[in-house]
Visitor: 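Here it is: the structure, laid out below.
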2 protein chains.
Amino acid sequence: MLTIKEIAERANVSRTTVSRVINNAGYVSEEAKRKVLKVIEETGYIPSENAKSLRTKKTKVIGVILPKISTETSSRLVKGLDEIFAKEGYQILLANTNLNPEKEIEYLKLLKSRHVDGIILSATNINQSLVEEIYQLKIPFVMVGQHISGMANVLFDDYQASKDMIQFFIHKGYQNIAFIGVTEEDRSVGYLRKLGYLDAMKENQLAVEESWVQTGIFNVDSGYECMKTIMATTKRTPDAVLAVTDRLAIGASQYIKDKGLCIPKDIAVAGMGGSELARHISPPLTTIDFSVEEAGREAASLLLEQINGGNYHETIKTIKYRLLERSSI
Amino acid sequence: MLTIKEIAERANVSRTTVSRVINNAGYVSEEAKRKVLKVIEETGYIPSENAKSLRTKKTKVIGVILPKISTETSSRLVKGLDEIFAKEGYQILLANTNLNPEKEIEYLKLLKSRHVDGIILSATNINQSLVEEIYQLKIPFVMVGQHISGMANVLFDDYQASKDMIQFFIHKGYQNIAFIGVTEEDRSVGYLRKLGYLDAMKENQLAVEESWVQTGIFNVDSGYECMKTIMATTKRTPDAVLAVTDRLAIGASQYIKDKGLCIPKDIAVAGMGGSELARHISPPLTTIDFSVEEAGREAASLLLEQINGGNYHETIKTIKYRLLERSSI
DNA sequence: CTTCTATCTGGAATCGATTCCACAAAAAAA
DNA sequence: TTTTTTTGTGGAATCGATTCCAGATAGAAG
């Protein structure tokens with residue numbers, strides 16, 4: 001591996017001068033510049049970012065902690081992040097926790113040890129020890145999808161989105177609306193979306209039968225099972241169902257169709273997440289698109305602000321969502 | 001930021017001793033060890049990976065160059081990579097070329113300057129200057145999805161997969177098989193899959209009408225348009241169609257259904273890629289799953305072999321695919 | 001009692017860049 | 001012509017770790 005020292009020797013100048021040429025800074029004569037560039041060209045010398053960042057304390061790397069790699073949400077988020085970061089010459093260092101809370105703290109430390117210029121954390125449930133770790137991080141930081149007070153946050157309005165969807169059902173004439181959720185430990189998808197559903201029903205004086213509210217996990221089969229349970233245990237068959245993810249909704253739809261019922265005539269279905277899947281199943285699924293790329297771009301911008309300006313005060317950006325009306329309602 | 005020097009002072013030992021304790025190497029008395037660990041505990045000191053890797057020449061970072069972030073293939077690949085790398089303590093540094101060939105070379109250099117321990121490149125089309133750049137890289141390297149001689153390669157058998165699918169159509173009694181491809185500049189998806197189709201047809205002495213072979217781009221709408229073109233321009237309506245991606249196939253299916261035709265009775269449809277989408281549309285799409293996660297794991301393992309053992313000879317791993325038979329045929 | 005080996009420790013060099021500072025030469029201002 | 005400013009250059013310190021090496025001490029072997 002070529003070093004700046006060798007370049008300096010070959011060009012018959014000092015390391016200092018080579019550095020100046022590379023960084024285009026300080027006084028360098030045309031003559032010296034020419035010589036150095038020639039040697040660099042000939043040798044294909046590439047300066048070590050590593051050594052550079054040891055001195056300058058800047059790595060041009062952003063750490064991104066994800067709860068799951070390979071989900072549509074994660075990859076849309078990363079896409080949005082990269083759109084902004086790449087433009088500014090930053091690269092993304094991935095950290096996948098696989099929903100393991102201990103790994104979140106571990107990676108936070110690892111990223112710090114790598115001197116990333118900033119960290120973006122997308123988490124589904126946050127515990128006290130994680131929050132404490134974050135507070136003493138002293139690195140530009142943006143939280144996505146969950147709120148941590150005092151920090152920069154990019155949030156989705158899960159509560160309102162869920163409420164809106166119920167309102168939309170009601171507006172379309174449905175009254176007996178069932179709900180397929182996930183564990184409330186997941187604050188956004190589990191807790192808030194359920195709360196939105198319950199509140200919307202209450203505000204409209206609509207009764208919610210206990211068997212209408214089921215809790216599944218994040219996949220299609222679970223949606224199928226939940227819908228089956230609803231139909232098997234209810235006294236009053238619902239005329240609509242909201243699932244908190246598109247997958248669950250697709251599973252539910254599947255069961256409804258398997259039962260020989262018609263969507264939306266017998267039972268209307270809505271999902272949440274705006275996945276590509278939703279658009280192409282039949283009937284196309286009404287869902288809520290949370291503009292995850294936009295969230296990524298927003299988070300990246302907030303982080304860059306911190307890196308450049310250094311304003312660390314609490315920020316909350318709520319990302320707009322869109323209700324995508326399709327023929328499942 | 002705390003440094004090893006401060007820890008040494010506080011623990012009343014030398015930096016050397018602190019380093020020994022951290023790395024659990026060399027002779028350290030229990031007494032000294034205890035003192036150092038105590039100080040580290042109290043201060044929350046995290047050693048700088050950056051400084052460390054400057055000296056040791058190891059970063060524990062793998063550069064991954066992707067043609068597109070946020071596609072199902074990319075995210076499945078990264079998932080597979082991460083499964084292996086995380087176990088060994090490596091992290092992934094992302095580089096997204098957005099299908100821009102110049103960026104591939106640029107990122108190759110950038111990753112080298114960052115002293116990543118290895119590079120994984122997933123590319124759709126490779127040009128001469130890229131190949132040259134790779135040859136003089138002198139870093140552990142694995143190519144995914146395309147073949148570069150002399151290097152380690154993880155490949156998908158696009159040609160055979162395509163052929164198999166045609167054979168499957170024929171086996172099921174279809175003879176007039178249309179084809180929706182993409183530009184042949186994309187060697188795997190464009191060129192090889194088309195070749196597989198043409199060869200399979202030829203070997204079975206089946207005629208291919210010119211209008212049956214259409215070229216689209218990577219999205220659903222394009223599949224719709226291609227199918228429309230086929231139906232509008234053909235003299236003999238095909239009874240089956242193979243599309244080189246699931247999206248294209250879904251678009252084609254859409255058109256067929258919109259036309260009031262029945263899948264597979266009137267026209268059978270198959271896609272390629274094994275996307276999740278394919279399973280949930282109706283009718284479920286027959287497709288080929290290329291086990292992209294497996295490719296990721298394989299690529300990661302090959303890279304680790306190079307990093308640890310240093311065997312740089314040409315390797316070719318062909319990843320198995322599965323034909324997923326569903327009711328679209 | 002001497003010699004050898006194992007254990008323990010820290011000073012100093014090193015990795016490959018940037019940057020402070022001192023100094024020299026040339027150009028501009030007085 | 002003298003003084004000041006601008007331009008150009010390189011030596012040496014620095015970033016925060018690891019690691020070579022030399023030296024000290026203690027215990028084992030002869």
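Values below: all heavy atoms of this structure, side chains included; hydrogens, waters and symmetry mates excluded. Chain A is the first sequence line, chain B the second, and so forth, proteins listed ahead of strands; every chain is numbered from 1.
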Visitor: Does a side-chain N or O from Tyr27(B) land closer than 4.0 Å to OP1 or OP2 of dC8(C), or not?
Guide: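 For Tyr27(B), the contact criterion (side-chain N or O under 4.0 Å from OP1 or OP2 of dC8(C)) is not met.
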
Visitor: What's the closest nucleotide to the side chain of Arg20(B) if the choices are dA17(C), dT9(C), dG16(D)?
Guide: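 Minimum distance to the Arg20(B) side chain belongs to dT9(C).
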
Visitor: Rounding to a whole Å, what distance do you find between Lys58(A):NZ and dG16(D):P?
Guide: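 It works out to 14 Å between those atoms.
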
Visitor: Please round to the nearest 0.5 Å and tell me the distance separating atom NZ of Lys52(A) and atom OG of Ser19(A).
Guide: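 If I round to the nearest 0.5 Å, the distance is 8.0 Å.
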
Visitor: Out of dT19(C), dA17(D), dT9(C), which nucleotide sits closest to the side chain of Arg55(A)?
Guide: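 The closest nucleotide is dT19(C).
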
Visitor: Round to a whole Å and report the spacing from CD1 of Ile7(A) to P of dT18(C).
Guide: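 Distance check: Ile7(A) CD1 to dT18(C) P gives 12 Å.
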
Visitor: Rounded to the Å, how far apart are Asn24(A) CG and dT18(C) C1'?
Guide: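 Atom-to-atom, Asn24(A) to dT18(C), this comes out as 15 Å.
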
Visitor: What is the distance, to the nearest angstrom, from the CE atom on Met1(A) to the P atom on dA17(C)?
Guide: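 One finds 8 Å between P of dA17(C) and CE of Met1(A), rounded.
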
Visitor: Hey, is the side chain of Lys57(A) poking within less than 4.0 Å of OP1 or OP2 on dT18(C), counting only N and O atoms?
Guide: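 Indeed not, no polar side-chain atom of Lys57(A) lies that close.
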
Visitor: Would you say Asn153(A)'s side chain and Leu155(A)'s backbone share a donor-acceptor pair under 3.5 angstrom?
Guide: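 Here the side-chain-to-backbone pair does not exist.
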
Visitor: With nearest nucleotide decided by heavy atoms, which residue, Thr3(B) or Gly26(A), maps closer to the 5′ end of DNA chain D?
Guide: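 Here Gly26(A) is the residue nearer the 5' end.
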
Visitor: What's the spacing between Glu6(B) CD and Met1(B) CE if we round to 0.5 Å?
Guide: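 These two atoms lie 10.5 Å from each other.
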
Visitor: Using a distance-only criterion (donor-acceptor N/O pair, under 3.5 Å, no hydrogens), is the base of dT7(D) paired with the side chain of Ser29(A)?
Guide: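 Checked by distance alone, the answer is no.
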
Visitor: If only atom types and distance count, is the side chain of Gln146(B) paired as donor or acceptor with the main-chain N or O of Thr124(B) below 3.5 Å?
Guide: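 Yes, the answer is positive, given that a donor and an acceptor are paired below the 3.5 Å cut-off.
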
Visitor: dT18(D) P sits how many Å from Leu54(A) CG, rounded?
Guide: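 In whole Å, dT18(D) P lies 12 Å from Leu54(A) CG.
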
Visitor: Counting any heavy atom closer than 4.0 Å, what does Ala8(A) reach on the DNA or RNA strands: base, sugar-phosphate only, or nothing?
Guide: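 It contacts nothing in the nucleic acid.
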
Visitor: Expressed in angstrom and rounded to an integer, what is the separation of Ile22(B) atom CD1 from dT18(D) atom P?
Guide: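 Whole-Å distance recorded here is 6 Å.
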
